[in-house]
Colleague: 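Have a look at this one before I ask anything.
Atoms considered below: every heavy atom in the structure, side chains included; atoms not considered: hydrogens, waters and symmetry mates. Residues take their numbers from the sequence shown, with the count starting at 1. Note that this is a predicted model, so its numbers are computed, not measured.
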Amino acid sequence: MAESIFAPLGSAAPSMLFVGDFTVWQTAAGLAEGFRRLGWDVTEVSSNDALLHSRSLGLRAAGRLLYPAARRSHNADILAAADRVAPHVMLTVKGNFIAAATLKELRRRGIATVNFYPDRDFDHDGMPADALDQFDLVATTKAYQLPHLTERLGKDRVAMIHHGYVPAVHRRRTPAGEIPAYLWDVSFIGNASPEKLAWLEPVARAIGDARMIVIGNRWSELAAGTAVAPHVFGGPLVGDQFARAIEHSRINIAVHHGAGGAQGWADQVSTRSFEIPACGGFMLHIDNAEIRTLFEPGREIDTFADPTELVAKVEHCLAHDADRRAIADAGHARAVPAYSLHARAVELTGIFADRVPMAFR
């Protein structure tokens, strides 16, 4: 393995090569900051720099033609960065576009390869079919993936760590004790799916004059002709505006995409499960066993099991504003800072010590 140019400084600071999307509100950005706070030297390789992303159909078509060359360039960038800094660990979020051959080469050099995996399944274009097997550790945020990953990789190469929020972005702006200026009574933020629409339609039909907003990609098409259509914002909100939308909504509904992928998995929690309380929002979350291990329903969040109960909870919470605000405050106290991505970096470092000894060589 090549020696880092910083080797004369000694090995007091662990070194990490981090591959991901470092847009400020993204998981990779929150984790990278968490590791820096722990004393790691973090070198970032963006998974976006070598790829072409656009809302333009023509540019997206050009991007598809450039993908093979872009992926080769991205993998070359990873190995070149590893040559420069000789990291102890290569960490990635999802591992999009990282080839199995690149991971094999990193491991050959004695660099631990770790994947923090926050997606519902592994069936997407960015994940090469043979790449997942080349990671020394896969830390999934999905408990339902553990049996599959354990069978595939072995129990010593698999860990479970929950999603988290980015402290720099997902935060409450209104001072403690003050009531936010509410813009909406009910909100939902997330990409469209038929399952989400099935949850939101009964609410839209029942709310009367209450103000509702549905924010995210593809809602205009999916909700056309339904009771949800008048409430569609028409696109996503990200970063600070995303956090503002949560804080300035009386009720934030949290439901997930639905079952899918080769295994038919379905989320029980997602990043929203942590971002909503972190932003100071009141969260009305679909009920399941996993969310109950994270928050106490009725005190820190509230939950629902079917559309009828969802509508009833919305009506109840809008009629009992002080109770709803007290629950939102308790949920915020539970989430902050315990469920931050800075805290997840601490968890990952502990797992490295147990499972990835070369991380601290």
Colleague: Starting at CG of L294, measure out to CD of E296 and round the result to the nearest 0.5 Å.
Modeller: 12.5 Å
Colleague: Does some side-chain heavy atom of T308 sit less than 4.5 Å from a side-chain heavy atom of L310?
Modeller: no
Colleague: Before accepting this row, confirm whether a basic side-chain N of the pair D136/R157 lies closer than 4.0 Å to the acidic partner's carboxylate O.
Modeller: no
Colleague: Counting C-beta onward and ignoring hydrogens, is there a side-chain heavy-atom pair between P297 and R292 closer than 4.5 Å?
Modeller: yes
Colleague: Can you check whether K196's main-chain N or O pairs, donor with acceptor, with S193's side chain at less than 3.5 Å?
Modeller: yes
Colleague: Closer than 4.0 angstrom, basic N to acidic O: yes or no for R109 and D83?
Modeller: yes
Colleague: Enumerate, atom names and distances included, each donor-acceptor pair closer than 3.5 Å involving a side-chain atom of residues 225-238, sequence neighbours excluded.
Modeller:
from: T226; atom 1: OG1; to: A223; atom 2: O; distance (Å): 2.7
from: T226; atom 1: OG1; to: V228; atom 2: N; distance (Å): 3.2
from: H231; atom 1: ND1; to: M212; atom 2: O; distance (Å): 3.4

Colleague: With a cut-off of under 6.0 Å to the ring centre and 45° to the axis, is R211 in cation-pi contact with Y182?
Modeller: no
Colleague: Taking L183 as the starting point, is it possible to reach V203 by hopping between hydrophobic residues whose side chains are less than 4.5 Å apart?
Modeller: no
Colleague: How about P277 and E300: do any of their side-chain heavy atoms sit closer than 4.5 Å?
Modeller: no
Colleague: Testing the basics here: between D156 and L137, what is the closest heavy-atom pair and its distance to 0.1 Å?
Modeller: O-CD1, 4.4 Å
Colleague: Evaluate the criterion side-chain contact (heavy atoms from CB on, under 4.5 Å) for residue pair F188 and I215; output intermediate values, then yes/no.
Modeller: CA-CA 6 Å; F188 174 80; I215 300 168; over 6 Å; no
Colleague: Treating S73 as the side-chain partner and A69 as the backbone partner, does any N or O pair qualify as donor plus acceptor under 3.5 Å?
Modeller: no
Colleague: V19 versus I98: any side-chain heavy-atom pair under 4.5 Å?
Modeller: yes
Colleague: Show, in sequence, the C-alpha distance, side-chain angles and deciding distance for V45 and L17, and conclude whether the side-chain contact (heavy atoms from CB on, under 4.5 Å) test is met.
Modeller: CA-CA 7 Å; V45 175; L17 181 64; 3.7 Å; yes
Colleague: Using the rule that two of Ile, Leu, Val, Met, Phe, Trp, Tyr join whenever any of their side-chain heavy atoms come within less than 4.5 Å, decide whether L31 and V336 are in one cluster.
Modeller: no
Colleague: Between W219 and N191, is there a side-chain heavy-atom distance shorter than 4.5 Å?
Modeller: no
Colleague: Start with the C-alpha distance between Y117 and F135, add both sets of side-chain angles, then the distance that settles ring pair (Phe, Tyr, Trp, His ring centres under 6.0 Å), and finish with yes or no.
Modeller: CA-CA 11 Å; Y117 201 84; F135 285 97; 9.0 Å; no
Colleague: Please round to the nearest 0.5 Å and tell me the distance separating atom OG of S273 and atom CD of Q268.
Modeller: 10.0 Å
Colleague: Would you please test H148 and F122 for ring pair (Phe, Tyr, Trp, His ring centres under 6.0 Å) and show each step?
Modeller: CA-CA 11 Å; H148 170 84; F122 306 104; 5.7 Å; yes
Colleague: Would you say V214 ends up clustered with F242 if hydrophobic residues are merged whenever their side chains have heavy atoms under 4.5 Å apart, either directly or through other cluster members?
Modeller: no
Colleague: Between L153 and L132, which heavy-atom pair has the shortest distance, and what is it?
Modeller: CD2-O, 3.9 Å
Colleague: Would a 4.5 Å heavy-atom cut-off, applied to side chains only, mark I246 and I189 as touching?
Modeller: yes
Colleague: What's the spacing between L197 CG and L222 CG if we round to 0.5 Å?
Modeller: 5.0 Å
Colleague: Would you say the side-chain atoms of R107 pair up with the backbone N or O of A112, donor to acceptor, closer than 3.5 Å?
Modeller: no
Colleague: Would you confirm whether R152, through its side chain, and P147, through its main-chain N or O, come within 3.5 Å as a donor-acceptor pair?
Modeller: no
Colleague: Does D329 pair with R334 as a salt bridge, N-O distance under 4.0 Å?
Modeller: no
Colleague: Just verifying a value: how many Å separate M16 CE and F352 CZ, rounded to the nearest 0.5 Å?
Modeller: 4.5 Å
Colleague: Please find the pair of heavy atoms, one from H256 and one from E195, that lie closest to each other, and give the distance.
Modeller: O-CG, 4.1 Å
Colleague: Please give me the minimum heavy-atom distance between N75 and A99, naming the atom from each residue.
Modeller: OD1-N, 2.8 Å
Colleague: Report the C-alpha separation of E290 and H162 in whole Å, then their side-chain angles, then the decisive distance to 0.1 Å, and conclude whether the side-chain contact (heavy atoms from CB on, under 4.5 Å) test is met.
Modeller: CA-CA 10 Å; E290 191 166 351; H162 279 295; 2.8 Å; yes
Colleague: The test is salt bridge (Lys or Arg N to Asp or Glu O under 4.0 Å); show your working for R324 and D302 and say whether it passes.
Modeller: CA-CA 9 Å; R324 181 195 54 75; D302 212 343; over 6 Å; no
Colleague: Give, for atom CG of L341 and atom CZ of F35, the distance between the pair rounded to the nearest 0.5 Å.
Modeller: 10.0 Å
Colleague: Nearest heavy-atom pair of H248 and P180: which atoms, and what distance?
Modeller: ND1-CB, 4.0 Å
Colleague: Salt bridge or not between E44 and R36? Use side-chain N to carboxylate O under 4.0 Å.
Modeller: yes
Colleague: I'd like to know if the side chain of S340 and the backbone of A343 have a donor-acceptor N/O pair within less than 3.5 Å.
Modeller: yes
Colleague: Check whether more than 12 heavy atoms from other residues, nucleotides or ligands sit under 6.0 Å from atom CD of E151, and answer yes or no.
Modeller: no
Colleague: Between the side chains of H74 and S47, is a donor N or O closer than 3.5 angstrom to an acceptor N or O?
Modeller: no
Colleague: What do the steps show when you test L79 against E105 for side-chain contact (heavy atoms from CB on, under 4.5 Å), and what is the final call?
Modeller: CA-CA 8 Å; L79 294 176; E105 175 59 20; 3.8 Å; yes
Colleague: Charged N to carboxylate O under 4.0 angstrom, D321 versus R325?
Modeller: yes
Colleague: With under 30° as parallel and over 60° as perpendicular, where do the rings of W199 and F304 fit, or are they tilted in between?
Modeller: perpendicular
Colleague: Counting distance only, does the side-chain N/O of H88 pair as donor-acceptor with the main-chain N or O of P14 below 3.5 Å?
Modeller: no
Colleague: Can you find a side-chain donor-acceptor pair between Q134 and T113 that sits under 3.5 Å?
Modeller: no
Colleague: If you group Ile, Leu, Val, Met, Phe, Trp and Tyr by side-chain heavy-atom gaps below 4.5 Å, do I251 and V255 land in one group?
Modeller: yes
Colleague: Would you give the length of the straight line joining atom NE2 of H342 to atom CG of L38, rounded to the nearest 0.5 angstrom?
Modeller: 9.0 Å
Colleague: With the 4.5 Å side-chain cut-off for hydrophobic clustering, are V114 and V42 part of the same group?
Modeller: yes
Colleague: Closer than 4.0 angstrom, basic N to acidic O: yes or no for D119 and K142?
Modeller: no
Colleague: Of all the heavy-atom pairs spanning I327 and I301, show the shortest one and how long it is.
Modeller: CG2-N, 3.5 Å
Colleague: Is a salt bridge present between R250 and D185, judged by a nitrogen-to-oxygen distance below 4.0 Å?
Modeller: yes
Colleague: Any donor-acceptor pair under 3.5 Å linking the side chain of D287 with the backbone of T303?
Modeller: no
Colleague: Do V269 and D267 come within less than 4.5 Å of each other through their side chains, counting heavy atoms only?
Modeller: no
Colleague: Could you check whether any side-chain heavy atom of E309 comes within less than 4.5 Å of a side-chain heavy atom of K313, counting everything from C-beta outward?
Modeller: yes
Colleague: Please assess Y165 against F274 for the test ring pair (Phe, Tyr, Trp, His ring centres under 6.0 Å), listing each intermediate value before the final yes or no.
Modeller: CA-CA 6 Å; Y165 67 90; F274 304 92; 8.3 Å; no
Colleague: Inspect the contact between K94 and D21 and indicate whether a charged nitrogen and a carboxylate oxygen are less than 4.0 angstrom apart.
Modeller: no
Colleague: Determine the interplanar angle of the F22 and F18 rings, folded into 0 to 90°, and report it as parallel if under 30°, tilted if 30 to 60°, perpendicular if over 60°.
Modeller: perpendicular
Colleague: Quickly, which of R171, M283, H170, H163 forms a side-chain contact (heavy atoms from CB on, under 4.5 Å) with E275? Name it, please.
Modeller: H170
